[in-house]
Structures are given as structure tokens and as C-alpha cells.
S.K.: 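What follows is a structure written as C-alpha cells; I'll ask about it next.
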Amino acid sequence: MTKLAYYPGCSLHGTSKEMGETAEATAKVFGYELTEIPDWNCCGNTAAHSINRLLADALPANEIAKIKADMQLDTVVVPCAACFSRFMTAKHEMDENPQTRADVELVVGRAVDTDVRVLNLVDMYYDQIGVAAIKDKVRKPLAGLKVAAYYGCLLTRPPKVTLAEDPEYPVHMDEVLAALGAEPVQWSYKTDCCGASLALCEQDMCRDLIRKIVGNARECGADIISAACPLCQVNLDTRQVDIKAADPSWQQVPIVFLSQLVATALGLPASEMGWKRHMVPVPALG
Amino acid sequence: MSPITAELGKRVNAGAETNAFKCYQCKRCSIGCPVASYGDLHPAQVMRAVQLGDIDAAAASKFIWLCTGCETCTTRCPQGIDIAAVMDELRKIAREEDKVNKDTGFANVLKLNLDSMKRWGRMSEIELVALDKLTRPSSLMADVGLGIKMFGKGKLPIIPGRGDRKQMRRIAAEAERIEAERRRMRRVPIVDKEGGE
Ligand code: SF4
Ligand code: SF4
């Protein structure tokens, strides 16, 4: 087993356990052990960067510092897109601005080696494991399943921070889905924001954004949407219940995690997928 | 309208580490913004207000609290302006100048969110929802049914996850001290409507 450092973040321990569990289980099939950063703290999320920029950089920097110095590893898997974005931003800002680095290191209390590879969920499959290796291990191809690959906002933007090749119309998740035997659809809202950070206060606006995203996926022929961010998945999944209550003609589209689709195609037991935790029921797959 | 001054723009630039004065109103930011149509202003209008030094239009706007931070504007701006960071900086200025827009709950949610992670080392969603309901009357009945359903699915753990709370407290205190000092040092007084030169 090859060890990779692992930062689950608050969501993968709470609302979106099934994402973390399937990410770990699928990594294992390819010989990777996801090892949690000891005693990790919150990455700061949207709150820190809108209130205190230095704190927003220092929180992920403190975790990054542990990876090389304490764990002796050089790669970390950060499946949550929001955490991923905070890790990449902290790295970017420290590398670009010496004053920021000095301030952050003062706060963290030690030097921070930023030469650490940070992988989001799509990167873990696409860059670390590889499409060919995945194809090789597929036991139950997702034949005939039309999937809309939903990247959301922070996986690819801004590209100077995320280093995404194709920030406006990314395709890495689509290629992973194709390797599973599924059929990725072309659609318009791949990287549109679902408004998850405002879910507690701007419900009407969120419902609108979700109707646009899910509706477009449906119009483009998708049976299901594949998410790579726990905040997107929860927002799209739970709010559709609400949308349907107000508008019975609304046709729900199941929102699943990319890691659940990989796990299914690899033939891992359905009981480990956490399907019961979904609000919009997911039909039997594979 | 207040006199045109560069003070707000300078303060925004320093905090957001960008140059808002370069905006030439192409409006690509507003066209790509998912929430441009829900606020009082759209992003390009916020940029213009910053350039003109109109703090009552920019920092007091509702829009800065609707911005989801999706980075579409920053990605597409032909002038390379970090517009999303400008929105963040305006939120800080709005708090400092006591100009937080009253038609929005996001300022409250963000503050409670930060408090929660400082308390436990990790953010507790159920605590955030509960405290928001207690401190913001309009949220009291929102999503109660949905919350109960989520709870039933095990999506809202009652016991907060804990990180290294001691370390979190130390980092938060240090970051707050240094950031406050930096902000104080570069703070340029903002000329008020009546008190303009
Ligand atoms: S995209 Fe940039 S230059 Fe164009 S209006 Fe927006 S901030 Fe100004
Ligand atoms: S970051 Fe904010 S202002 Fe920019 S496009 Fe997204 S929601 Fe609009």
C-alpha cells in the first residue's frame, strides 16, 4: 500500500460521510491508503476568507506544514472542492507574496513547505490512479448510464490557483466516467455555481440556481448527475425535495458522488455506498 | 452623490491585493455571475462604485453578501482583476464601517460559521443552523421540514467533530492580532458624504 495524506474536512465527517467512505474504499483497490492528517482543523471555508485573509491562509497552511514535516509525505488528497480551493489558495498566496508567507509562518509557528501536491477527488482518479488503470479494474460497467459531470465552481476556478487545464469546460471527470463504461453528456452548467454557501439564508436564490443546473442536465439527456464536491451534492440533492414540494411537476434527478460511481463500477458492495443517505432516491446502478 | 475620491479604491486594492482602478466596464464579470440578477447592483457596478469612492453604494450594497465566491468573474476579467477578492474586502470594510446591509442574513451566517470552527476546531453544521435561528428572526421557520429530513438521514451529526482546539485557538488569536495590525496600518480614512473636500 502506498500512503497518501488525506484531509477529509468537516463535510466528509458529517453531512457527506458516503463521499469519504467511497473515496477511501476505491483508493484502496488501487493500492493507495488514505491516511488522515492527525488532529486536522477546519480549512476556514468561506467564512475565514471573507472575514480575515491571513487566517484563511494560515489554517490550510498549518495542515500543509504537517504533511511533509510530520507525516513525511508529499501528496495530499482533499476530496472536498471547497477545502481543495482553500489549500490551493494558501499555497498560491504564500508562493506569490513573501510578506504573506512571513505572516503565515509567524501564525503557524514554523516554516511551511508548500511543495506538496494537492489532489481533489477528480485529480485522485485522473492524475494519481489514471484512466487506464481504472478501466482495467471495472467489474460492473455502468453501460447505458447517461451522466452529467458536474464540477461546480471551485474545482477549476480561478485557474491561476487551481492549475486546471480547462477551467471553463473541464473534461477530466468525463473521462473517468467514460472509463467506468458510462456515457458522459455534453451540457451547459458543468462549472456553474450552485450557491451552496448561501443555503442557510438565500433559499429562493439557491432553488433558482439548482433548477437551472439540474434542468439543463435533464434537457441534455442525463439520467444522473455526478458531483465531486460535498457542498454541491448536498445542496442539489436536498433542495430538489423542496423544489418538488412546491412544484409537483419537477422531475428529480439523482445526485451521486463520482466516488460512488467508481465504487459501483469496481464491484464494491452496494451496502457500502451509503445510498440510503440520499434524499432523491438513486436507482440500482451497474 | 458623494465626491469622487480614490480612498475606497486604495483601501480595497490593499486588502484584495489587486487593482480595481483598471476596470474598464466590459461587464464580463456581470455576464458570467450566477447571482448578478438577484442583488441591488451587479459586479461591474460594484467595481465602478469602488473606483468612484462611493462607499454607500459599494460597501453598503446587498450584492456583496449574495456573492457566492464562485470565482467566475476573477477567471474571466480581461484586466486580471480579482473581483471575488474585492467582494470579500468590501465585506470586511462594511463590518469595519458599520455599513452591513440589513436585507441579508449572510453576514450573520459567516460570523457564526467562523465562531463554530474556532470553538471546536471544526465547523458544526447543526450548531450553525441553531445559532442562526436564534440570532436572526427571519430564519426561524426556514427549512425546518428539510432539516428534520436531513437529520433523519444522519446528515446532521449532533456532536461536533473536534480538531486540535488548542492549536485552533492559538492560530485564530495570532492571525486576528496580526491582521488587525496590518489593516490598521494601511487604513485610509474614508471621506464622508457631508465631510468631503
Ligand atoms: S470583467 Fe473586469 S474589466 Fe470587465 S467590467 Fe468586470 S471588473 Fe471591469
Ligand atoms: S465570485 Fe461573486 S461576483 Fe464573482 S461571479 Fe461569482 S458570485 Fe458573481
Side-chain angles (χ1 to χ4, degrees), chain A residues 10 13-17 39-42 44-55 58-59 62 85 93 97 103 106-109 152-154 156-159 161 167-168 191-203 205 208-209 212 234 238-239 241-242 245 276-279, chain B residues 15 17 34-35 38 66 68-72 74-75 82 84-85 87-89 91-92 95 104-106 108-114 117 120-125 128-129 132 136 139 142-143 145-146 149-150 153-157 161 163-165 167-168 170-172 174-176 178-179 182:
Chain A
C10 305
H13 269 218
T15 33
S16 304
K17 267 198 214 115
D39 286 330
W40 55 268
N41 282 329
C42 178
N45 69 50
T46 314
H49 71 77
S50 74
I51 295 175
N52 183 331
R53 189 171 171 134
L54 178 55
L55 180 61
L59 288 173
N62 185 54
S85 158
E93 290 182 354
N97 185 342
D103 283 351
L106 196 63
V107 171
V108 170
C153 43
L154 297 175
T156 62
R157 280 193 302 266
V161 167
E168 296 282 3
T191 57
D192 272 57
C193 179
C194 72
S197 54
L198 288 121
L200 288 186
C201 46
E202 296 295 335
Q203 286 86 353
M205 190 178 92
D208 264 13
L209 298 179
K212 288 181 199 165
V234 169
T238 57
R239 283 273 164 227
V241 174
D242 215 12
K276 287 204 296 286
R277 295 165 57 83
H278 288 248
M279 306 281 262
Chain B
E17 298 185 17
V35 300
Y38 296 90
L66 294 182
T68 65
C70 76
E71 305 276 354
T72 307
T74 299
T75 300
D82 193 344
M87 301 303 163
D88 266 348
E89 180 56 26
R91 290 172 180 174
K92 293 168 198 159
R95 288 190 202 268
T104 149
F106 200 35
N108 196 51
V109 170
L110 287 168
K111 167 81 174 40
L112 295 173
N113 184 332
L114 192 64
M117 75 178 81
W120 307 106
R122 297 178 189 171
M123 198 259 290
S124 159
E125 254 150 359
L128 174 58
V129 172
D132 187 42
R136 196 165 57 87
S139 75
D143 293 331
L146 205 57
K149 283 194 194 117
M150 285 178 73
K153 295 269 181 190
K155 284 181 169 293
L156 291 171
D164 185 337
R165 300 170 70 189
Q167 196 174 48
M168 172 61 96
R170 193 187 53 74
I171 289 178
E174 269 298 278
E176 275 159 18
I178 298 172
E179 181 83 347
R182 299 259 184 275

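Proteins come first, then strands; the chains are lettered A, B, ... in the order of their sequence lines, and each starts at number 1.
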S.K.: Check whether Ala199(A) gets within reach of chain B through its side chain, its backbone, both or neither, counting any heavy atom under 4.5 Å.
M.R.: backbone
S.K.: Under 4.5 Å from any heavy atom of chain A, what part of Glu125(B) do you find: side chain, backbone, both or neither?
M.R.: side chain
S.K.: Which is it for Asp103(A) and Arg53(A) under the salt bridge (Lys or Arg N to Asp or Glu O under 4.0 Å) test, yes or no, and what are the steps along the way?
M.R.: CA-CA 11 Å; Asp103(A) 283 351; Arg53(A) 189 171 171 134; over 6 Å; no
S.K.: Given the rule in the side-chain hydrogen bond (donor to acceptor under 3.5 Å, both in side chains) test, do Asn108(B) and Asp132(B) qualify, once you have shown the distances and angles that lead to the verdict?
M.R.: CA-CA 7 Å; Asn108(B) 196 51; Asp132(B) 187 42; 3.1 Å; yes
S.K.: With a 4.5 angstrom heavy-atom cut-off, which part of Val108(A) approaches chain B: side chain, backbone, both or neither?
M.R.: backbone
S.K.: Below 4.5 Å from any heavy atom of chain B, which atoms of Asp192(A) appear? Answer side chain, backbone, both or neither.
M.R.: neither
S.K.: Is there a donor-acceptor contact under 3.5 Å linking the side chains of Gln167(B) and Asp39(A)?
M.R.: no
S.K.: Checking Glu176(B) against chain A: side chain, backbone, both or neither under 4.5 Å from a heavy atom?
M.R.: both
S.K.: What part of Glu93(A) gets within 4.5 angstrom of chain B, counting heavy atoms only: side chain, backbone, both, or neither?
M.R.: neither
S.K.: Looking at Leu106(A), Asn62(A), Asp242(A), Val241(A), which makes the most heavy-atom pairs under 4.5 Å with chain B?
M.R.: Asn62(A)
S.K.: Counting heavy-atom pairs under 4.5 Å with chain B, which one of Gln203(A), His13(A), His49(A) comes out on top?
M.R.: His49(A)
S.K.: With a 4.5 angstrom heavy-atom cut-off, which part of Asp82(B) approaches chain A: side chain, backbone, both or neither?
M.R.: side chain
S.K.: Top residue by heavy-atom pair count (under 4.5 Å) with chain B, among Leu154(A), Leu209(A), Val234(A), Asp208(A)?
M.R.: Asp208(A)
